[in-house]
Amino acid sequence: MLDSASNCVVQDATVTWIKDLWLNQPSTEGRVFGFLSIPFDYCVSYRPGTRFGPKAILDQLDGYSTYCIDKRVDFSNYLFENLGSVDISNDIARSHGNIEETVLSVPSHVTPIILGGDHSITDPIFRAILHKYNHRVGLVVFDAHLDCREPVKGKEHSGHWVKTLEDIIDYQAVAQIGINANIYSEQYLQDLERKGVLVVTPYEIRSKGRGDLLKKMNQHFDGKVDAIYFSVDIDVFDQSVAPGTSVPNPSGLMPWEVSDTIFELAQNFSFAGMDITEVSPPLDTQSMTTQVACEIIINFMSGVAKYQ
C-alpha cells in the first residue's frame, strides 16, 4: 500500500526509492537521468489537459523502486536530476524555440527523459537532439497517428510534427510503430514508406510477433545511426490501459509490447533520450495512464542501465 506521507510504498530498508535519488543541485558528471518538464498543450488536436502530465508522472514515479523486477535490472547507480520546466506560453513559435534551446543545454553526461505536453514538442526536441549527435541519431515513434499532415497557418496542432521536421530529418532513420488511427488516406502511408520510414501497425505486430518487429527495427537502423531517440505518444496504447489522453485508442498496443521493445533495443543501440507525450490527468481514471507512462520510463532506464 502507499504511504501518503512519502508517496511511496511503506518503509522498507531493502528498497531504494526513486524519490531518494533526486539531486539537490545540478550535476557535473556521473550517470544521470535528467527529467525535463514541458507543460505545453496549445497544439493539442482534440481535448486539452496534457499540460498536467509532467507533474503527474513525476509524482507517480517517486513511488517506484530503482529495481525493475520484470527485467531483473537495478538502476540505483544512476542519479536523478530534475531539469525543471521549459518556459512556455500560447505563442507556439516562441515556446518551441525555448524547448529547442533548453534541450540543447542539457549536458552530455545526462540522459534526457522529457515529459509533455502535446506531441508537437517533439519537433523542437528532436532538432536539438540531431544537433547534439551531428545528425547520426534515429527516431523511433510509438504512436497511433502518423502526424504527417501539411500544417495550415493559424491552425497548427500536434498532427504535423513529422512533416515539419522534413527540412532536417533523414526519414530513412525513422520508425513509426503502432500506427492505427483511421483518419488518413493510403497516400500518407505510401509517401512515408517511399521516403524510407519503417511503419508497423498493431495488427502486423500481433500477427507476426514482436520478434519480427525487433528484427525489422534492428535491420532498419543498422549502420545508419550512432544512437536512437524514442518518442512515445501515450495514445499508442489501448484505451483499456491508457484512457487519459486526448484521443483514446480502442485497438492500440499493450504496455509490454512497447516497454519490452525499448528495453531490448538497448542491446544494439545507444539511447539519446526519450519523450513521453499526451498524458492527460484530467481525462484519466485512477492514474492508469500515468502508471503506463511510468512503466515505459522504468523500462527505458533499465535498458540504459543494463546495456550502456
Side-chain angles (χ1 to χ4, degrees), residues 37-54 56-57 86 88-100 114-127 139-166 169 174 176-189 191-192 197 199 201-202 230-239 241-253 258 274-285 288-290 292-293 296:
S37 297
I38 306 180
F40 178 87
D41 64 0
Y42 288 102
C43 286
V44 71
S45 61
Y46 183 33
R47 299 179 296 173
T50 191
R51 64 186 179 275
F52 300 110
I57 294 171
V86 175
I88 61 98
S89 70
N90 60 358
D91 184 325
I92 297 171
R94 179 179 177 183
S95 295
H96 281 195
N98 289 344
I99 292 168
E100 184 174 355
I114 302 172
L115 312 176
D118 68 53
H119 212 169
S120 74
I121 67 173
T122 303
D123 177 311
I125 292 171
F126 196 61
R127 288 177 184 275
L139 174 64
V140 175
V141 185
F142 291 96
D143 195 346
H145 304 86
L146 291 169
D147 288 347
C148 62
R149 295 189 189 278
E150 192 75 39
V152 178
K153 189 170 179 59
K155 296 183 179 181
E156 296 86 354
H157 59 77
S158 57
H160 307 304
W161 70 270
V162 174
K163 175 69 173 177
T164 56
L165 277 170
E166 66 182 357
I169 201 170
V174 176
Q176 291 186 273
I177 312 300
I179 302 298
N180 71 339
N182 294 310
I183 59 171
Y184 301 99
S185 66
E186 186 179 18
Q187 177 183 332
Y188 287 98
L189 183 59
D191 285 349
L192 285 171
V197 177
V199 181
T201 71
F230 293 93
S231 182
V232 181
D233 186 322
I234 207 73
D235 70 23
V236 75
F237 298 107
D238 192 84
Q239 63 189 19
V241 295
T245 189
S246 174
V247 185
N249 186 347
S251 53
L253 297 177
V258 175
M274 69 164 289
D275 65 57
I276 192 154
T277 62
E278 302 290 351
V279 174
S280 186
L283 304 174
D284 205 3
T285 299
M288 290 171 62
T289 311
T290 304
V292 171
I296 300 304

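Keep in mind that what you see is a predicted model, and the values were worked out from it rather than measured.
For the atom pair CG (Asp147) and CD (Gln176), the distance works out to 7.5 Å, reported to the nearest 0.5 Å. For the atom pair Asp235 CG and His145 NE2, the distance stands at 5.0 Å (nearest 0.5 Å). Between Trp161 atom CH2 and Thr277 atom OG1 the span is 8.0 Å, to the nearest 0.5 Å. Of the inter-residue distances, the one linking Ser231 atom OG with Ile114 atom CD1 reads 9.5 Å to the nearest 0.5 angstrom. Note that the CG atom of Leu165 and the CG atom of Leu139 stand 7.5 Å from one another [nearest 0.5 Å]. The structure places OG1 of Thr50 at 6.5 Å from CG of Asp41, a figure rounded to the nearest 0.5 Å.
Proximity of Asp284 to Pro243: side-chain heavy atoms (C-beta onward) are separated by under 4.5 Å at one or more points. Residues Lys163 and Arg149 fail the side-chain proximity criterion, which asks for heavy atoms closer than 4.5 Å. Using a 4.5 Å heavy-atom cutoff, the side chains of Ile125 and Ile38 are in contact. Val258 has its side chain within reach of Ile296: a pair of non-hydrogen atoms, C-beta onward, lies under 4.5 Å apart.
Across Ser246 and Pro248, no two heavy atoms sit closer than the pair O-CD, 3.6 Å. Nearest heavy atoms, Pro48 versus Ser280: O-OG, 3.7 Å. Here the shortest heavy-atom pairing between Pro124 and Ile99 reads CG-CG2, 3.8 Å. What you find for Cys43 and Ile92 is that their closest heavy atoms are SG-CD1, 3.6 Å. Between Pro281 and Gly49, the shortest heavy-atom contact is CD-O, 3.7 Å. In plain terms, the two heavy atoms of Thr290 and Ala56 that are nearest each other are CG2-O, 3.4 Å.
The cationic atom of Arg51 (NZ for Lys, CZ for Arg) does not lie both less than 6.0 Å from the six-membered ring centre of Phe40 and within 45° of the ring axis.
Applying the ring-ring contact (aromatic ring centres under 6.0 Å, His included) test to Tyr46 and every residue at least two apart in sequence or in another chain returns nothing. Taking Phe230 as the reference, Phe271 meet the ring-ring contact (aromatic ring centres under 6.0 Å, His included) condition, with sequence neighbours excluded.
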Exercise for review: Could you please spell out the steps behind the side chain to side chain contact (heavy atoms under 4.5 Å, CB included) verdict for Ile88 and Asn98?
Suggested key: CA-CA 7 Å; Ile88 61 98; Asn98 289 344; 5.8 Å; no
Evaluate the side chain to side chain contact (heavy atoms under 4.5 Å, CB included) criterion for residues Leu115 and Ile276: first the C-alpha distance (whole Å), next the side-chain angles of each, then the deciding distance (0.1 Å), finally the verdict. CA-CA 5 Å; Leu115 312 176; Ile276 192 154; 3.7 Å; yes
Is there a side chain to side chain donor-acceptor pair (under 3.5 Å) between Asn180 and Thr201? Walk through the geometry before answering.
CA-CA 6 Å; Asn180 71 339; Thr201 71; over 6 Å; no
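Without hydrogens or angle criteria, Asp233 side chain to Asp143 main chain gives no donor-acceptor distance under 3.5 Å. Side-chain atoms of Ser95 come within 3.5 Å of backbone atoms of Ser89 as a donor-acceptor pair (strictly under, hydrogens ignored). Although no hydrogens or angles enter the test, the distance criterion places a donor-acceptor pair under 3.5 Å between the side chain of Asp91 and the main chain of Arg94. In this structure a side-chain-to-backbone donor-acceptor pair under 3.5 Å is missing from Glu278 to Gly117.
Side-chain atoms of Ser120 and Asp118 include a donor-acceptor pair closer than 3.5 Å.
Checked options Thr245, Val292, Asn249, Thr289; the residue passing with Phe237 is Val292 (criterion: side-chain contact (heavy atoms from CB on, under 4.5 Å)). Among the candidates Val197, Leu192, Ile183, the single residue satisfying the side-chain contact (heavy atoms from CB on, under 4.5 Å) test with Leu146 is Leu192.
The environment of CD in Glu186 is sparse: at most 12 heavy-atom neighbours from other residues, nucleotides or ligands sit within 6.0 Å.
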